[in-house]
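The structure under discussion appears below in the form of structure tokens.
Just so it is clear, the model here is predicted, and its values are computed rather than measured. Quick note on labels: first sequence line is chain A, next is B, and so on, each numbered from 1.
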Amino acid sequence: MATLEQLAKYVGGELSGLDVGKSDGDIKQVATLDDAQEGQIAFLFDRGYRKFLKITRASAVVLREQDAEGCPVPAIITKDPYLAYAKIAGYLNPSRATSGSIHFSAVVHDKAKVDPTADIAANSVIENDVVIGANVLIGPGCVIGEGAEIDDYTRLVANVTVCHHVSIGKRSLIHPGAVVGSDGFGLARDGAAWVKIPQIGSVTIGDDVEIGANTTIDRGAIKDTIIENGVKLDNQVQVAHNVRIGEHSALAGCVGVAGSATIGKRCMLGGGVGIAGHLEIADDVTITGMSMVTKTIKEAGAYSSGWSVREARQWRRTVARVHRLDSTDNKV
Amino acid sequence: MATLEQLAKYVGGELSGLDVGKSDGDIKQVATLDDAQEGQIAFLFDRGYRKFLKITRASAVVLREQDAEGCPVPAIITKDPYLAYAKIAGYLNPSRATSGSIHFSAVVHDKAKVDPTADIAANSVIENDVVIGANVLIGPGCVIGEGAEIDDYTRLVANVTVCHHVSIGKRSLIHPGAVVGSDGFGLARDGAAWVKIPQIGSVTIGDDVEIGANTTIDRGAIKDTIIENGVKLDNQVQVAHNVRIGEHSALAGCVGVAGSATIGKRCMLGGGVGIAGHLEIADDVTITGMSMVTKTIKEAGAYSSGWSVREARQWRRTVARVHRLDSTDNKV
Amino acid sequence: MATLEQLAKYVGGELSGLDVGKSDGDIKQVATLDDAQEGQIAFLFDRGYRKFLKITRASAVVLREQDAEGCPVPAIITKDPYLAYAKIAGYLNPSRATSGSIHFSAVVHDKAKVDPTADIAANSVIENDVVIGANVLIGPGCVIGEGAEIDDYTRLVANVTVCHHVSIGKRSLIHPGAVVGSDGFGLARDGAAWVKIPQIGSVTIGDDVEIGANTTIDRGAIKDTIIENGVKLDNQVQVAHNVRIGEHSALAGCVGVAGSATIGKRCMLGGGVGIAGHLEIADDVTITGMSMVTKTIKEAGAYSSGWSVREARQWRRTVARVHRLDSTDNKV
């Protein structure tokens, strides 16, 4: 709960239209322009939603200066209403504070060091020599392997597996079903059969990292797999051994990154993108959805290799025509 | 166990050939034509398997009228033997009834409301204010977050995570490792870094929905993610925040649907398909495997953008030829 | 820990240069050429790393004969240093032996048969009629369904779900979050709705199989899904019902194999590959990353259908040019 004044100050915006429409009561929650009720604040960041501004019943609205004219309710004026939305939603919906409780059904090894402010939820398992920092939340059903370290304010929602000796920084957030520190896929051929290569490296996760549901991050073969500060991984992402992902890069759902690939800082990878092993991607690279990267990318910019659907019969004709290109070529 | 007569009645088929081959004993199980034994019933829905009809040792066979001639065993005649297979297999293999037992190792919050007919299996966790309906099965290792509601006859097999305030309808089935209600991937840029957008919406799952192993469904940013009645999701599917999937649509393995996409009713998405965010797909749309959809599809029909393999050297030549199209174009 | 002599013997290599550089002390661990310290052994299998050979501080190095000249430390000469790396790393990092302990928090059914040498870790669940072999490790949070059998020396790391009646061979290794034996995606249309086909088959996993984190393997509709000996599956792989994967085939991360597909022996599937259902892939087939296979492949060899990224504007131009091929065709 907050006053509009507090929120404006929090996001560095300017108040406007306090004389119109609604009383300046407490703001309790964020909402969409069309659904907002008394006590809620809405946001106009997509011009397509401008039509809802006139009819909104929100107690206040956050918008750009150029959209403010005729706004029927009090407003916070800001250059980036989307960022203001993120900040205000966070302000009004803080993470629940930990209470320093260890559920009786949790299994915590004698030699684990758990900060007294941390919460360990039901049926979770904390193995030997684990270090759990201040205000950490280990949700129900999580398993933290021997020697792993989880730093202050990091939260594991539920059923997360953190394997032995993995290190996770501060204020990170790991969603259900994620696995951090599974063995890398290291194999050597011995005739027809494979010999497993023990994966003796680990995983180092920085601060403010988010790891999506059922995402997997493998431990390194010899050195560590490294996820730098501020990296955001969506659900079902696969990060192979010895990958390094640079600060503030964001990988959308179902991305796969093969072994020893290095991704730069502030990169954005669309859903389903595949990155081959042993290559480098520069800082500030954007890869559009379902594209494949098989060579090093040295320059910032946007890259693509995805095909978008056509009506199936037309697509089959196009494919056939492409396959005929070779013969055409030969004739010419 | 059932008599052939009972099964014919159950699927609305006609009995035929009761005078041939085998005695009309009880049918205990379904089987394939080539493997069936005494007491089993087999099905001919694929003409390619017609050769096995003559030699089958099944006690009975289900087939179309046009395939019935010369069938050496009693038969049920039906227009859709595949549907009859589904129904008869279901009849002979009912889900185990619940017994109203809560395993001593399960952790059930005092304020959770668990119907006395529901089963809560070992090492599962039921949090505060959860509502569990009649004959619900919560398998071992599941975590049901605060305030979630699971309606009658729904079954969670094992190690499923249902996050706080998620709502699941009747007779749904959720396979191991699935996660329902994880945070959507909502981020706003603040300079180089990302600010997390709290995901205060939830997930609403309808009746008769099936959710595959390790499939993930994110909660909405403000409003709910919605999975309508009868939707079937295979394994490793990723459904992002605020997606809506219409009744009876079926998504095969590894499909990814990005945020705020709307998929119509009775759609069929092949394995590995990717759907971009903020678009709409009409009812009765089929997308073939590994295709990508980046624009709204307004008409029912089949759509594709996948390429199927060629011998690698030939493929490389084709790719090179395609990339030369631009220059060719310029020359012409 | 081992002497260099022991290691040379173990990998069938020849000792060389024992008179140079370092004392022949015990080797404790493997390392990279550039990071290795006293007591560690490094490997030269990639010519690109040859520059580090001169400056390595490893106690010993494994390399090919042609790379041995000028090696500043004792060496093991072998034809395949990568295989030697796998073997030596395995020798120096053996799996921890089981101790025959069942954690007090594990729930083991009275009628389960657990070999006295097996370990059952915290908060795992072993259901009715399960058979656990000698020296098996069931890690924390695992669920083993009714009637499943897990043979000697197989290890389940943590939070693994093995469904009812699944059979797993000897010395296999299953990583966290993997699901073996979930229902196949079997549905029959009944008007607009779907009727579920009970999946009464199971899964048979051979010996020496590795199953990656969050990988899913569905049980068969009637007969079993079969993973033959020595198969290696990376993370997030999806194997549908009634698939058969031949001996020693290796599937990289995010591969999806649709129902009833048969993959031969010694095949290698790159990351993100999709295999359609009801087809066969011959032995010794390699499929490059993100390719799709929609028809039977009868001949060994390499196959592709993936596109690698270009700068986005160029790619859009290429795509547009390809779509214009049809009209071009018509004109000509």
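- C/L325 places none of its side-chain heavy atoms less than 4.5 Å from the side chain of A/T318.
- How far CG of C/D234 is from CG of A/D218: 6.5 Å, rounded to the nearest 0.5 Å.
- Of the listed residues C/A122, C/G230, C/G141, the one with more heavy-atom pairs under 4.5 angstrom with chain A than any other is C/A122.
- In this structure, C/F52 places its CZ atom where more than 12 heavy-atom neighbours from other residues, nucleotides or ligands lie under 6.0 Å away.
- Of the possible polar contacts, one joining the C/N123 side chain to the A/N123 backbone as a donor-acceptor pair under 3.5 Å is found.
- Note: C/W315 CH2 to A/Y303 OH = 15.0 Å, rounded to the nearest 0.5 Å.
- Only the side chain of C/Q29 comes within less than 4.5 Å of a heavy atom of chain A; its backbone N, CA, C and O stay farther away.
- The distance from the CG atom of C/N235 to the CG atom of A/N214 is 11.5 Å, given to the nearest 0.5 Å.
- A/E146 is listed as a side-chain neighbour of C/R96, based on a closest heavy-atom distance under 4.5 Å.
- A/V285 does not touch chain C: none of its heavy atoms, backbone or side chain, sits under 4.5 Å away.
- Between chain A and the options C/L233, C/V157, C/L92, heavy-atom pairs under 4.5 Å are most frequent for C/L233.
- Closest approach of A/Q238 to C/C254, counting heavy atoms only: CB-SG, 3.7 Å.
- Checked against side-chain hydrogen bond (donor to acceptor under 3.5 Å, both in side chains), C/Q40 has no partners two or more places apart in sequence or in another chain.
- Counting only residues at least two apart or on different chains, the side-chain hydrogen bond (donor to acceptor under 3.5 Å, both in side chains) pairs with a member in residues 272-286 of chain A are A/R266-A/D284.
- Closest approach of C/V319 and A/G306 over heavy atoms only: CG2-O, 4.4 Å.
- Side-chain contact annotation: C/N159 with A/T161, donor-acceptor N/O pair under 3.5 Å present.
- Nearest heavy-atom pair across A/V143 and C/P140 is CG1-CG, 3.5 Å.
- Not a single donor-acceptor pair under 3.5 Å links the side chain of A/T216 to the backbone N or O of C/A213.
- Looking at C/N229, there are no atoms closer than 4.5 Å to chain A (heavy atoms on both sides), in backbone or side chain.
- Of the possible polar contacts, one joining the C/Q236 side chain to the A/V237 backbone as a donor-acceptor pair under 3.5 Å is found.
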Side chains of residues 185-201 of chain A: which donor-acceptor partners sit under 3.5 Å, not counting sequence neighbours?
unit_1 : atom_1 : unit_2 : atom_2 : d
A/W194 : NE1    : C/H248 : O      : 2.8
A/K196 : NZ     : A/D183 : OD2    : 2.8
A/K196 : NZ     : C/E210 : OE2    : 2.8
A/Q199 : OE1    : A/A221 : N      : 3.4
A/Q199 : OE1    : A/H241 : ND1    : 2.7
A/Q199 : NE2    : A/I197 : O      : 2.7

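- One distance of note links CD of A/E299 with CD of C/E311; it measures 10.0 Å at 0.5 Å rounding.
- Residue with the most contacts toward chain C among A/A240, A/S182, A/G301, A/S305: A/S305 (heavy-atom pairs, distance under 4.5 Å).
- Note: A/R310 leads A/R310, A/E127, A/K295, A/M290 in heavy-atom pairs under 4.5 Å with chain C.
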Task: Verdict with supporting geometry, C/V309 and A/S304, side-chain contact (heavy atoms from CB on, under 4.5 Å) - done: CA-CA 5 Å; C/V309 294; A/S304 301; 5.6 Å; no
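- Of residues 103-112 of chain A, those residues lying under 4.5 Å from chain C by any heavy-atom pair are A/S105, A/V107.
- Per-residue heavy-atom pair counts under 4.5 Å with chain A were compared for C/A252, C/G271, C/A158, C/A31, and the maximum is reached by C/A31.
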